[in-house]
Student: 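Can you keep this structure in mind? I'll have questions shortly.
Chain A is the first sequence line, chain B the second, and so forth, proteins listed ahead of strands; every chain is numbered from 1. These numbers come from the heavy atoms of this one structure, side chains and all, not from hydrogens, waters or symmetry mates.
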Protein chains: 2
Amino acid sequence: MTNTPLTRSEAKDLTRRRLIRAALRILDEEGEAGLTTVKVAKAAGIAQSSFYVHFRDKQDLLRALGDEGGERLRRAMREARRQAREAPTELESHRDTFRIPLEAISRHPELLRLQLRARHDPSSPLRDFALESAKAYRDHHAADLAALGYTADNERDRRRLEMIAEGINAATNALALGHLEGRYPELEEAVDVLVALSRGALRWLRSTQPGS
Amino acid sequence: MTNTPLTRSEAKDLTRRRLIRAALRILDEEGEAGLTTVKVAKAAGIAQSSFYVHFRDKQDLLRALGDEGGERLRRAMREARRQAREAPTELESHRDTFRIPLEAISRHPELLRLQLRARHDPSSPLRDFALESAKAYRDHHAADLAALGYTADNERDRRRLEMIAEGINAATNALALGHLEGRYPELEEAVDVLVALSRGALRWLRSTQPGS
DNA sequence: ATTTTCACCGATAGTACTATCGGTGAAATT
DNA sequence: AATTTCACCGATAGTACTATCGGTGAAAAT
């Protein structure tokens with residue numbers, strides 16, 4: 001086992017990370033109403049007052065959580081792109097495009113839940129994080145669809161593509177959460193559904209696009 | 001103008017409805033964190049302590065809000081079905097199936113926002129209402145899809161239909177909210193997208209179904 | 001006309017949480 | 001070795017909210 005010859009700043013950083021971890025867990029398990037400095041500090045093993053050594057106030061903690069969430073999100077998206085590019089066939093690449101987000105959500109659903117909750121809560125300090133994340137997901141899916149063979153070169157088509165991306169994104173989230181709730185045991189079936197939905201949309205896009 | 005020759009019970013009922021209205025507005029504008037007996041009572045024009053004449057406690061108010069929301073929801077769905085049945089052509093009926101929910105959400109988005117928020121908040125007393133509503137929407141969309149020419153007669157197909165319904169439902173919500181946020185000015189374009197998505201799904205269902 | 005009911009009021013006890021303060025000891029610096 | 005820094009502590013002031021209580025006047029019942 002590792003001993004603990006930590007410098008003071010290392011120890012402080014560790015405590016800070018413990019606080020963030022604890023906050024994310026409490027947020028997921030009890031919601032924003034349950035997130036108090038008392039609980040977070042206790043869960044991280046320090047006194048409530050010591051919370052303020054690491055964060056100026058509760059708002060500051062939530063800001064840090066937003067940063068942390070955004071960071072994890074960007075990492076996950078980079079990784080998703082990398083994997084999809086490595087797929088052997090085009091069909092597999094297409095399926096990967098949908099499977100990877102589904103798996104990512106299933107592995108760590110707490111960030112999505114946090115985002116969905118904060119997004120519709122006008123009082124949440126995490127609202128900006130939620131809106132940013134939503135936009136990032138939307139753009140990600142739009143880029144995926146574009147990679148599947150459709151490029152928008154005018155205002156109308158760009159908006160259509162964005163709408164389809166937003167719809168597919170929402171469907172992806174819904175199916176992933178349904179999977180977690182046990183309603184859809186097979187993730188592969190969810191991939192089938194998403195492929196089918198997107199096929200319809202892409203067909204429509206091509207049919208209203210003159211060339212190509 | 002109307003004078004006020006109200007009996008005592010009429011006056012009490014009026015106050016109760018004022019409280020519920022005020023609570024829904026505050027919930028939509030400030031989220032659950034902002035919903036306090038002080039604000040609700042003040043907005044309804046009575047003293048904070050008088051709140052308890054109408055509700056046993058705050059929980060009781062939220063239960064009433066859930067009931068109210070469920071009631072409005074059922075009314076809206078009945079109305080939606082009625083309208084879709086009256087559509088002249090099949091294509092129009094198909095489009096109505098998607099347009100009507102979009103319009104309903106656009107007119108009164110607060111109930112959807114309330115539902116989406118509560119659904120992912122484990123601490124929310126409205127969680128049951130949210131889960132019930134979500135199921136109702138899912139079933140509603142599944143019935144719509146079935147009406148568009150597909151019937152499921154085994155476990156696998158039923159689950160597929162439900163997954164498609166859930167996906168379409170999520171996409172509908174996302175597009176309606178995007179419309180309200182000003183990103184998709186034309187609701188008719190959202191209808192186009194939903195029709196396209198559903199076409200893909202229905203085509204897939206038919207292709208994997210032997211008969212019909 | 002008299003009595004009862006009850007929707008509403010102001011005051012307030014109780015509870016939960018936020019944020020600040022001075023103190024402490026061990027690590028870091030000198 | 002002496003001094004400084006600082007992460008952490010316990011105590012507590014301040015704040016916001018919930019829920020209860022006894023009192024009041026007008027409507028309803030008698």
Student: Could you walk me through whether B:H141 and B:L145 pass side-chain contact (heavy atoms from CB on, under 4.5 Å), step by step?
Tutor: CA-CA 6 Å; B:H141 276 278; B:L145 290 175; 5.5 Å; no

Student: Nearest whole Å is fine: how far is C:dA7 P from B:L6 CG?
Tutor: 14 Å

Student: If you define the side chain from C-beta out and look only at heavy atoms, does anything of B:R158 sit under 4.5 Å from B:E162?
Tutor: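 Side-chain contact under 4.5 Å: no.
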
Student: How many Å lie between CZ on A:R56 and P on C:dA19, as a whole number?
Tutor: 10 Å

Student: In sequence, state the C-alpha distance, the side-chain angles, and the governing distance for A:Y184 and B:E166, and then conclude on side chain to side chain donor-acceptor pair (under 3.5 Å).
Tutor: CA-CA 11 Å; A:Y184 313 126; B:E166 178 141 20; 2.4 Å; yes

Student: Which whole-number value in Å describes the distance from B:K42 NZ to C:dG10 P?
Tutor: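 Spelled out: NZ on B:K42 to P on C:dG10 is 12 Å.
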
Student: Where the side chain of B:R8 is defined as all heavy atoms beyond and including C-beta, which of D:dA11, C:dG10, C:dA7 is the nearest nucleotide?
Tutor: C:dA7

Student: Figure out the NZ/P separation between A:K58 and C:dC17, and round it to whole Å.
Tutor: 9 Å

Student: With A:F51, which residues qualify under ring pair (Phe, Tyr, Trp, His ring centres under 6.0 Å), at least two apart?
Tutor: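 Testing A:F51 for ring pair (Phe, Tyr, Trp, His ring centres under 6.0 Å), a comparison that skips the adjacent residues, returns A:F55.
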
Student: Rounded to the nearest angstrom, tell me the gap between atom CD in A:E10 and atom P in D:dC8.
Tutor: 14 Å

Student: Tell me whether the side-chain N/O atoms of A:T37 come closer than 4.0 Å to OP1 or OP2 in C:dT18.
Tutor: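 The answer is yes; a side-chain N or O of A:T37 sits under 4.0 Å from OP1 or OP2.
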
Student: In whole Å, what is the span from the CG atom of A:D57 to the C1' atom of C:dC17?
Tutor: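 Roughly 14 Å, once rounded to whole Å.
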
Student: Here's a test of your reading of the structure: between A:Q48 and A:H54, which maps to the more 5' nucleotide of DNA chain D?
Tutor: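 So the residue in question is A:H54.
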
Student: From the list D:dA28, C:dT20, C:dG10, which nucleotide is the closest neighbour of the side chain of B:T7?
Tutor: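 My answer, after comparing the listed nucleotides, is D:dA28.
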
Student: When both hydrogen-bonding distances must be under 3.5 Å and the geometry is Watson-Crick or G-U wobble, what is C:dG22 paired with, if anything?
Tutor: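 Partner of C:dG22: D:dC9.
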
Student: For the pair made of CD in A:Q59 and P in C:dA19, what is the distance, rounded to whole Å?
Tutor: 9 Å

Student: Quick one: does any side-chain atom of A:T37 pair with a main-chain N or O of A:Q48 as donor and acceptor, under 3.5 Å?
Tutor: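 No; zero donor-acceptor contacts below 3.5 Å.
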
Student: May I ask you to say what A:S50 touches in the nucleic acid, namely base, sugar-phosphate or nothing, with a heavy-atom cut-off under 4.0 Å?
Tutor: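 It contacts base atoms.
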
Student: Closest approach to the side chain of B:K12, judged atom by atom: which nucleotide of C:dA7, D:dA11, C:dA11 is it?
Tutor: C:dA7

Student: C:dC6 P sits how many Å from B:I46 CD1, rounded?
Tutor: 17 Å

Student: For B:G34 and A:G45, find the nucleotide of DNA chain D closest to each by heavy atoms; which residue's nucleotide sits nearer the 5' end?
Tutor: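 Per heavy-atom nearest nucleotide, the more 5' residue is A:G45.
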
Student: Please state whether the phosphate of D:dC8, meaning OP1 or OP2, lies under 4.0 angstrom from any side-chain nitrogen or oxygen of A:T15.
Tutor: yes

